[in-house]
There are 2 protein chains.
Amino acid sequence: MNTHHTPFARKLGAFVALSDIELALLDQLHSRRRSFAARRDMVHEGQVERSAYIVASGWVCSYKLLPSGARQIVDFQIPGDFLGLRSVLFRTADHNIEPITRVQASEVQARDLLDAFNTAPRLAAAVLWAASRDEAMVVEHLVDLGRRDAKQRMAHFLLELGARLKLVGLGTNEGYACPLTQYLLADALGLSAVHVNRVLRDLREEGLVSFQQGKVIFENFAGLVALCDFDRTYLDHEGPLMR
Amino acid sequence: MNTHHTPFARKLGAFVALSDIELALLDQLHSRRRSFAARRDMVHEGQVERSAYIVASGWVCSYKLLPSGARQIVDFQIPGDFLGLRSVLFRTADHNIEPITRVQASEVQARDLLDAFNTAPRLAAAVLWAASRDEAMVVEHLVDLGRRDAKQRMAHFLLELGARLKLVGLGTNEGYACPLTQYLLADALGLSAVHVNRVLRDLREEGLVSFQQGKVIFENFAGLVALCDFDRTYLDHEGPLMR
DNA sequence: CGAGGGTTTGACTTGAGTCAATTCTGGTGG
DNA sequence: CCACCAGAATTGACTCAAGTCAAACCCTCG
């Protein structure tokens with residue numbers, strides 16, 4: 001474990017063993033560091049945006065807004081995650097991005113990334129893996145909304161987040177710190193904030209998880225996994241071209 | 001319009017004007033043609049699969065199955081669509097793929113694709129565009145499930161499908177032929193089949209769309225668009241690196 | 001001319017939403 | 001150190017969209 005490196009390096013390192021040279025390249029990507037205040041949109045839909053970011057610290061969410069005013073959060077980004085990779089490819093962003101907490105992120109020019117890939121092709125594979133994992137998470141999220149009831153959805157969500165945070169050293173099987181409000185959870189899970197509250201109470205009273213004071217604590221990990229059939233294989237696929 | 005070419009070429013052609021050389025390359029990709037019977041899984045979860053397909057004719061769906069027996073259809077593939085691009089990158093497929101009708105598809109080896117890209121780099125951009133459009137569709141689908149009610153979901157779904165079919169010459173603003181059953185619609189939209197039926201009746205009685213005898217007919221296109229705030233920009237993004 | 005999917009419909013149940021009020025908490029300024 | 005405030009979390013009472021169950025109906029194809 002390279003606990004002394006960035007969350008990004010740490011995440012990729014869980015996938016391919018990285019050499020010192022590769023680690024150094026990754027660190028170089030973090031040179032253009034920027035900071036964002038909580039709750040002020042970083043990117044909004046339709047905006048012409050040419051750079052992507054790697055989150056160094058803090059939490060971000062990407063969401064779509066409906067004319068009705070309803071909001072659907074597509075995903076949360078935590079340290080080590082890419083942000084707006086799509087908006088680099090396409091001229092305009094197709095969703096909004098908002099920091100939940102104060103966020104430190106490194107701006108990444110497409111060119112820098114490509115240069116790094118040329119020097120160390122294994123990095124390309126690792127980044128591709130990360131992107132594909134993100135896609136798998138969106139699909140799993142889709143299943144949540146389509147075919148799981150509120151309690152299972154919540155359980156699944158909290159477990160997935162836990163697994164992701166653990167990967168970058170921000171959580172354990174005991175629990176993790178989580179700055180999300182019940183409103184944010186509601187917009188991610190397709191529920192009302194009131195119902196989120198009730199579901200959290202149920203889970204707590206059943207001794208499965210508690211989420212209070214910004215801390216998620218797994219009281220009965222196995223029970224929670226069983227409740228929602230959590231299967232983490234989609235999070236730790238073996239990699240492309242890497243056999 | 002190159003009506004005499006494959007749906008795949010036609011779809012990419014809507015994005016970049018393709019030269020004769022490029023068109024020829026695309027046609028070559030269709031050399032290894034295979035046929036699949038309806039309802040017999042082409043790929044199942046966990047299977048080690050190394051080839052991708054381009055659908056030439058027929059409809060396919062990719063879905064995930066829950067232990068409870070519930071099913072969530074992630075997307076439908078129609079002629080011109082890629083199938084299992086992800087399962088080529090990763091060793092194992094992470095969802096099931098099933099033909100809805102008899103399907104003709106061309107097997108595409110990763111190598112062939114890469115060779116074509118080397119010869120005509122613009123093709124890479126076009127394929128990347130297509131892949132990214134698919135991703136945007138999944139996100140839109142997520143919004144459907146999370147924040148739209150049954151009627152809006154259905155309207156949005158039928159409109160999106162119409163736009164996709166039109167792109168490959170299989171539909172118009174009047175309507176299109178559609179082999180989906182109400183059970184399939186239910187599994188895609190996160191509803192019960194019974195409710196799908198009721199929603200379709202409502203839409204028909206309101207004179208918006210009718211879906212009967214395997215035909216979707218738009219009775220009031222504008223009204224339908226208004227009902228669900230259909231915004232097709234996510235389907236015809238301008239392309240990457242293509243300004 | 002059956003048989004078996006697929007489609008419809010009605011009657012009833014229920015998970016989740018809405019509305020509205022109350023409590024808790026962390027941060028602020030005096 | 002404390003009163004105060006705004007945002008967040010809770011809770012209860014009521015409503016409603018969508019699900020479930022069960023029974024017809026109806027094409028279409030062998």
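Just so we're on the same page: letters track the sequence lines, and every chain starts at 1.
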* Provide the full list of side-chain hydrogen bond (donor to acceptor under 3.5 Å, both in side chains) pairs with a residue in residues 206-231 of chain B, sequence neighbours left out, each pair given once. => B:Lys151-B:Glu206, B:Asp231-B:Thr233
* With sequence neighbours left out, write down each residue that passes ring-ring contact (aromatic ring centres under 6.0 Å, His included) with A:His156, or none if nothing qualifies. => A:Phe230
* Structure fact -> Sorted by chain and residue number, the ring-ring contact (aromatic ring centres under 6.0 Å, His included) partners of B:Tyr63 (sequence neighbours excluded) come out as none
Each nucleotide N or O in nucleotides 5-7 of chain C that has a protein N or O under 3.5 Å away: list the pair and distance.
unit_1	atom_1	unit_2	atom_2	d
C:dG6	OP1	B:Arg39	NH2	3.4
C:dT7	OP2	B:Gln182	N	2.8

* Interatomic distance where CD belongs to B:Glu205 and C1' belongs to C:dT9 [whole Å] -> 12 Å
* **A:Arg204 (side chain) donor-acceptor with A:Val199 (main chain) under 3.5 angstrom** => no
* Rounded to the nearest Å, what distance is computed from the CZ atom of residue B:Phe211 to the C1' atom of nucleotide C:dT8? -> 15 Å
* List for me each residue that meets ring-ring contact (aromatic ring centres under 6.0 Å, His included) alongside B:Phe82, sequence neighbours excluded, and say none if there are none. => B:Phe8
* Provide, to the nearest angstrom, the distance between the CD atom belonging to A:Gln212 and the P atom belonging to C:dT23. => 18 Å
* Asked: Roughly how many Å is it from CG in A:Leu200 to P in C:dA16, rounded to a whole number?
  -> 13 Å
* Asked: Among all residues two or more places apart in sequence or in another chain, which pass the salt bridge (charged side-chain N to carboxylate O under 4.0 Å, His left out) test with B:Asp144?
  -> B:Arg148
* Structure fact -> Once base and sugar-phosphate atoms are separated, protein heavy atoms under 4.0 Å mark nucleotides 13-30 of chain D, 5' to 3', with B, S and - as B----BBBB---------
* Rounded to whole angstrom units, what separation is found between the CG atom of B:Leu145 and the P atom of C:dA16? -> 14 Å
* **Sequence-distant partners of B:Phe211, ring-ring contact (aromatic ring centres under 6.0 Å, His included), two or more places apart** => none
* Structure fact -> Between CG of A:Asp187 and C1' of D:dA8 the distance, given in whole Å, is 14 Å
* Asked: Would you say A:Arg34's side chain and A:Ala105's backbone share a donor-acceptor pair under 3.5 angstrom?
  -> no
* To do: List for me each residue that meets salt bridge (charged side-chain N to carboxylate O under 4.0 Å, His left out) alongside B:Arg102, sequence neighbours excluded, and say none if there are none.
  => none
* Bend across the helix from C:dC1-D:dG30 to C:dG30-D:dC1, to 10°, with axes taken over 5 pairs at each end? -> 40°
Less than 3.5 Å apart, which donor and acceptor atoms pair up between the side chains of residues 161-184 of chain B and the rest of the protein, not counting sequence neighbours?
unit_1	atom_1	unit_2	atom_2	d
B:Arg164	NH1	B:Asp75	OD1	3.3
B:Arg164	NH1	B:Phe76	O	3.4
B:Arg164	NH2	B:Phe76	O	2.7
B:Arg164	NH2	B:Asp81	OD2	2.7
B:Thr172	OG1	B:Glu174	N	2.9
B:Tyr176	OH	B:Leu158	O	2.7
B:Thr181	OG1	B:Tyr183	N	3.3
B:Thr181	OG1	B:Leu184	N	3.1
B:Gln182	OE1	B:Asn197	ND2	3.1

* Partner residues of A:Val139 under the side chain to side chain contact (heavy atoms under 4.5 Å, CB included) criterion, sequence neighbours left out -> B:Lys64, B:Val74
